[in-house]
Amino acid sequence: QLQLVESGGGLVQPGGSLRLSCAASGFLVNAYTIAWFRQAAGKEREGVSCISGFSRNFADSVKGRFSISRDNAKNTVYLQLNSLKPEDTAVYYCAARRTYSCSSQKNDYSYWGQGTQVTVSS
């Protein structure tokens with residue numbers, strides 16, 4: 001059974017950093033497209049970053065601050081969040097799709113984790 005489990009969220013001050021993990025089971029992360037989405041209270045779920053093969057995409061709002069990486073040995077994808085801002089506060093989800101290309105559309109992903117809360121506040 002294909003499963004994604006996020007971890008690493010928490011409360012951080014503005015300007016701080018967090019590293020989110022998305023641990024996969026039932027499939028190999030290097031054979032799928034893995035994306036990170038976020039959903040703030042009262043807002044639509046939006047794409048943040050995506051990794052597919054050697055390709056990496058980022059939303060304009062996080063370019064230069066977030067990075068994405070993959071550890072094939074641990075079958076895990078990471079999202080490094082730096083220079084965090086209050087507007088980054090949201091539940092962060094990882095998602096997977098078999099098609100080997102990035103997409104920022106949530107409806108293009110079949111598999112989702114349960115989410116991890118990131119709160120940026122002083």
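No hydrogens, no waters, no symmetry mates; every other heavy atom, side chains included, goes into these values.
- Two residues are said to be in side-chain contact when any heavy atoms from C-beta on lie closer than 4.5 Å; Gln13 and Val120 fail this criterion.
- At distances below 3.5 Å, at least one donor-acceptor pair connects side-chain atoms of Arg65 with backbone N or O atoms of Ser83.
- Judged purely by atom type and a 3.5 angstrom limit, Gln3 has no side-chain atom pairing as donor or acceptor with the backbone of Ala24.
- The shortest side-chain heavy-atom distance between Val118 and Leu18 falls under the 4.5 Å cut-off.
- Side-chain contact between Tyr78 and Asp71 is present, with at least one heavy-atom pair separated by less than 4.5 Å.
- Within a 6.0 Å radius of CD in Glu44, other residues, nucleotides and ligands contribute 12 heavy atoms or fewer.
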Original post:
Where do Phe58 and Val48 land on the side-chain contact (heavy atoms from CB on, under 4.5 Å) test, with the steps shown first?
Top reply: CA-CA 6 Å; Phe58 298 91; Val48 174; 6.0 Å; no
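- Using a 4.5 Å heavy-atom cutoff, the side chains of Asn75 and Phe27 are not in contact.
- A distance of 12.0 Å separates CG in Leu84 from OG in Ser121, rounded to the nearest 0.5 Å.
- For the pair Lys63 and Asp60, the salt-bridge criterion is met [side-chain N within less than 4.0 Å of a carboxylate O].
- Annotation for Ser122 and Pro14: closest pair N-CD, 3.7 Å, computed over non-hydrogen atoms.
- Residues Val12 and Tyr92 are members of one and the same hydrophobic cluster, defined by side-chain heavy-atom contacts under 4.5 angstrom among Ile, Leu, Val, Met, Phe, Trp and Tyr.
- Between Thr89 and Arg38 the shortest side-chain heavy-atom distance does not fall below 4.5 Å.
- In this structure, Phe37 and Tyr109 have perpendicular ring planes: the angle between them is above 60°, well past the 30° mark.
- A 4.5 Å side-chain heavy-atom check between Tyr93 and Leu4 finds every atom pair outside the cut-off.
- The backbone N or O of Glu6 lies less than 3.5 Å from a partner atom in the side chain of Gln114, making a donor-acceptor pair.
- Taken together through direct or relayed side-chain contacts under 4.5 Å among Ile, Leu, Val, Met, Phe, Trp and Tyr, Trp36 and Leu2 form part of one hydrophobic cluster.
- Counting heavy atoms from C-beta outward, Leu20 and Thr116 have side chains that approach closer than 4.5 Å.
- Under the 4.5 Å side-chain criterion, counting only non-hydrogen atoms from C-beta, Val29 is not in contact with Thr76.
- Smallest separation of non-hydrogen atoms from Ala59 and Gly47: CB-O, 3.5 Å.
- The backbone N or O of Ser101 sits less than 3.5 Å from a side-chain atom of Thr33, completing a donor-acceptor pair.
- Geometric assessment of Arg97 against the ring of Tyr111 yields a negative cation-pi assignment under the 6.0 Å and 45° thresholds.
- Using a 4.5 Å cut-off between side-chain heavy atoms of Ile, Leu, Val, Met, Phe, Trp and Tyr, with links allowed through other members, Tyr100 and Ile34 fall into different hydrophobic clusters.
- Using modelled atom types, one side-chain atom of Ser49 and one backbone atom of Asn57 make a donor-acceptor pair closer than 3.5 Å.
- Classification of Glu46 and Lys106 as a salt-bridged pair fails, no side-chain N sitting under 4.0 Å from a carboxylate O.
- Closest heavy-atom contact between Ser103 and Asp108: OG-OD2, 2.5 Å.
- Atom-to-atom distance recorded for Asn82:CG and Arg19:CZ is 11.5 Å, nearest 0.5 angstrom.
- Residue Leu79 comes nearest to Leu81 through the heavy atom pair O-CD1, 3.1 Å, listed as atom of the first residue, atom of the second, then distance.
- Under the 3.5 Å distance criterion, the side-chain polar atoms of Arg98 are matched with a main-chain donor or acceptor of Ala31.
- Remark: the backbone N or O of Ile68 is paired with a side-chain donor or acceptor of Arg56 at under 3.5 angstrom.
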